[in-house]
Colleague: 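Pasting a structure below so you can have a look.
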There are 2 protein chains.
Amino acid sequence: MSLPRIPDATVGRLPVYLRVLTDLDGAGVTTVSSEQLADLAGVNAAKVRKDLSYLGTYGTRGVGYGVDYLRFEISSRLGLATATGVAIVGLGNLGRALASHRGFADRGFPVVGLFDVDDAKVGTELAGVTIAHLDTLGAPDGPAVAIGVIATPAAVAQDVADRLVAAGVRAILDFAPTLISVPAGVTLRKVDLALELQVLSYYHHRDHALDADDPAAPSRSAPTR
Amino acid sequence: MSLPRIPDATVGRLPVYLRVLTDLDGAGVTTVSSEQLADLAGVNAAKVRKDLSYLGTYGTRGVGYGVDYLRFEISSRLGLATATGVAIVGLGNLGRALASHRGFADRGFPVVGLFDVDDAKVGTELAGVTIAHLDTLGAPDGPAVAIGVIATPAAVAQDVADRLVAAGVRAILDFAPTLISVPAGVTLRKVDLALELQVLSYYHHRDHALDADDPAAPSRSAPTR
DNA sequence: TAGATTGTTAATCGATTAACAATC
DNA sequence: TAGATTGTTAATCGATTAACAATC
């Protein structure tokens with residue numbers, strides 16, 4: 001009765017399919033083929049069918065996939081039905097941008113808590129949420145936090161992670177460029193924006209470094225993740 | 001005389017090693033073993049040695065790797081010596097955060113251009129750069145842009161990508177959650193913040209959905225990328 | 001039935017890892 | 001020389017892809 005394991009690579013593509021399906025649904029489309037879905041998601045059709053097969057068999061041969069049904073299935077397997085409140089810790093430039101980012105609430109992750117240690121920020125309001133002091137994280141009268149986002153300087157990221165864990169948060173998205181460790185049972189995912197620029201720099205450099213010497217050098221494309 | 005191909009997975013880890021090496025250098029450390037580097041980067045030692053072997057043989061058996069030398073090599077292979085100006089298009093919450101993000105300039109990517117279509121924003125200054133109208137992108141008297149960052153709504157992302165390409169930009173980092181296409185020879189990389197939350201949600205849900213039924217269920221950890 | 005499209009197989013490709021000979 | 005640590009091999013594992021039988 002246990003659900004089949006979904007490969008990591010597939011997990012990373014499910015949100016892309018979900019976004020495409022949501023767009024299709026908004027456009028009134030009710031059925032989609034693996035070929036169409038692949039085009040819209042930027043992958044190939046074999047991969048789409050293989051990925052969706054891990055969810056079960058929700059397509060109809062000769063017809064395609066039901067947009068609504070597939071949306072529901074992916075959403076449910078991603079845990080989006082239960083995932084809710086996001087707390088952002090650290091309201092510097094990045095934290096403030098994330099707090100105001102429409103994309104989060106739009107895709108099922110309302111920002112319910114904002115925390116900082118700067119007294120000049122505590123008490124002020126941002127995107128409809130009042131910034132609280134980090135020391136109040138986990139207080140009984142505080143917001144129900146399902147996911148913690150770390151947007152602090154690297155130097156304090158581990159301390160913030162520890163506080164989030166102590167407050168009962170079991171899923172953390174970390175933007176600080178440093179290694180942090182969390183106990184077993186806590187899910188941690190990292191995003192490093194400068195790293196993305198460096199990786200981009202590598203492929204750009206690789207494909208163009210020799211342009212002056214050899215203008216006819218073939219351009220290979222970088223993986224888009 | 002051509003450099004050996006570096007696997008994509010390795011390219012994604014080189015910036016992590018570079019960050020660790022920079023920290024070590026700052027702390028006065030001159031030599032590091034694959035074991036130490038692995039610990040600090042959050043991977044295992046075999047992977048570090050394999051990854052570094054693609055750069056050539058810069059270690060010394062029985063001793064380790066020279067911190068300075070390795071930093072230089074990685075930095076050079078990532079193209080960080082030539083990579084320079086970043087232009088950010090779209091100065092909503094995310095774009096403004098990226099423009100003010102210290103991490104970019106700190107790691108070799110100074111923000112030299114800011115572009116938007118909103119006349120209320122054009123002419124104002126942000127992080128020391130005056131916001132210009134998108135129509136002036138690529139103007140002869142404009143900044144030299146090596147990397148373009150798209151931080152606009154999804155609906156206009158393709159148009160912005162086309163304009164960046166027309167202006168001669170050959171490397172694009174795209175934050176808009178939609179599929180965009182660029183001509184061969186242009187390197188595109190995508191970051192989708194809400195997608196990261198959804199992937200996090202999957203692993204969290206998978207590892208905890210059954211907690212109520214089976215509190216002793218083993219917790220598996222999510223890949224941190 | 002005929003055409004279309006899924007779901008699955010199997011081959012291929014790329015990434016990871018342990019082990020150890022090479023060598024400082 | 002003895003101890004330490006790299007660089008590389010080879011086995012294993014996971015991801016991708018084309019092909020096609022199943023079937024709507």
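Below, all heavy atoms of this structure are taken into account, side chains as well, without hydrogens, waters or symmetry copies. Chain A is the first sequence line, chain B the second, and so forth, proteins listed ahead of strands; every chain is numbered from 1.
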Colleague: Against Tyr58(B), only a single residue in Tyr69(B), Tyr17(B), Phe72(B), Tyr65(B) fulfils ring pair (Phe, Tyr, Trp, His ring centres under 6.0 Å); can you say which?
Modeller: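 Looking at Tyr69(B), Tyr17(B), Phe72(B), Tyr65(B), the match for Tyr58(B) under the ring pair (Phe, Tyr, Trp, His ring centres under 6.0 Å) is Tyr69(B).
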Colleague: Among Thr187(A), Asp174(A), Ile172(A), which residue satisfies the side chain to side chain contact (heavy atoms under 4.5 Å, CB included) criterion with Val182(A)?
Modeller: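 Only one option passes, and that is Ile172(A).
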Colleague: Is it the case that the side chain of Arg163(B) and the backbone of Leu137(B) share a donor-acceptor pair, with hydrogens and angles ignored and the cut-off at 3.5 Å?
Modeller: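 No; judged by distance alone, with no hydrogens or angles, the pair does not exist.
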Colleague: Here's a test for you: under side chain to side chain contact (heavy atoms under 4.5 Å, CB included), which of Asp68(A), Val32(A), Thr30(A), Leu70(A) qualifies with Leu24(A)?
Modeller: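 Exactly one candidate clears the test, Val32(A).
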Colleague: Check Arg102(B) with Asp106(B), please: is the shortest side-chain N to carboxylate O separation under 4.0 Å?
Modeller: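 The answer is yes: the pair qualifies as a salt bridge.
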Colleague: Once Watson-Crick and G-U wobble pairs under 3.5 Å are found, how is DNA chain D written in dot-bracket notation, 5' to 3', with | for any base paired to another strand?
Modeller: ..||||||||||||||||||||||
Colleague: Evaluate the side chain to side chain contact (heavy atoms under 4.5 Å, CB included) criterion for residues Ile180(B) and Ile150(B): first the C-alpha distance (whole Å), next the side-chain angles of each, then the deciding distance (0.1 Å), finally the verdict.
Modeller: CA-CA 11 Å; Ile180(B) 67 177; Ile150(B) 301 178; 3.9 Å; yes
Colleague: When we call it a touch if two heavy atoms are under 4.0 Å apart, what does Ala46(B) touch: a base, just sugar-phosphate, or nothing?
Modeller: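 Base contact.
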Colleague: Sequence neighbours left out, what passes ring-ring contact (aromatic ring centres under 6.0 Å, His included) with Phe104(A)? Give chain and number order.
Modeller: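 Per chain and number, Phe104(A) pairs via ring-ring contact (aromatic ring centres under 6.0 Å, His included) with His101(A).
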Colleague: Anything under 4.0 Å to a heavy atom of chain A counts; send over the first and last such nucleotide of DNA chain D, read 5' to 3'.
Modeller: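 So the contact region on DNA chain D extends dA15(D) to dC24(D).
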Colleague: Specify the residue among Tyr54(A) and Thr60(A) whose closest nucleotide of DNA chain D lies further upstream toward the 5′ end.
Modeller: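 It is Tyr54(A), whose closest nucleotide lies nearer the 5' terminus.
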Colleague: Taking the nucleotide of DNA chain D with the closest heavy atom to each, which residue, Gly62(B) or Lys50(A), is nearer the 5' end?
Modeller: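 Result: Gly62(B).
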Colleague: When you check the side-chain N and O atoms of Asp8(B) and Tyr202(A), is any donor under 3.5 Å from an acceptor?
Modeller: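 No, no side-chain donor-acceptor pair sits under 3.5 Å.
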Colleague: For DNA chain C, whose closest nucleotide is more 5', that of Ser53(A) or that of Val63(A)?
Modeller: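 Final value for this comparison: Val63(A).
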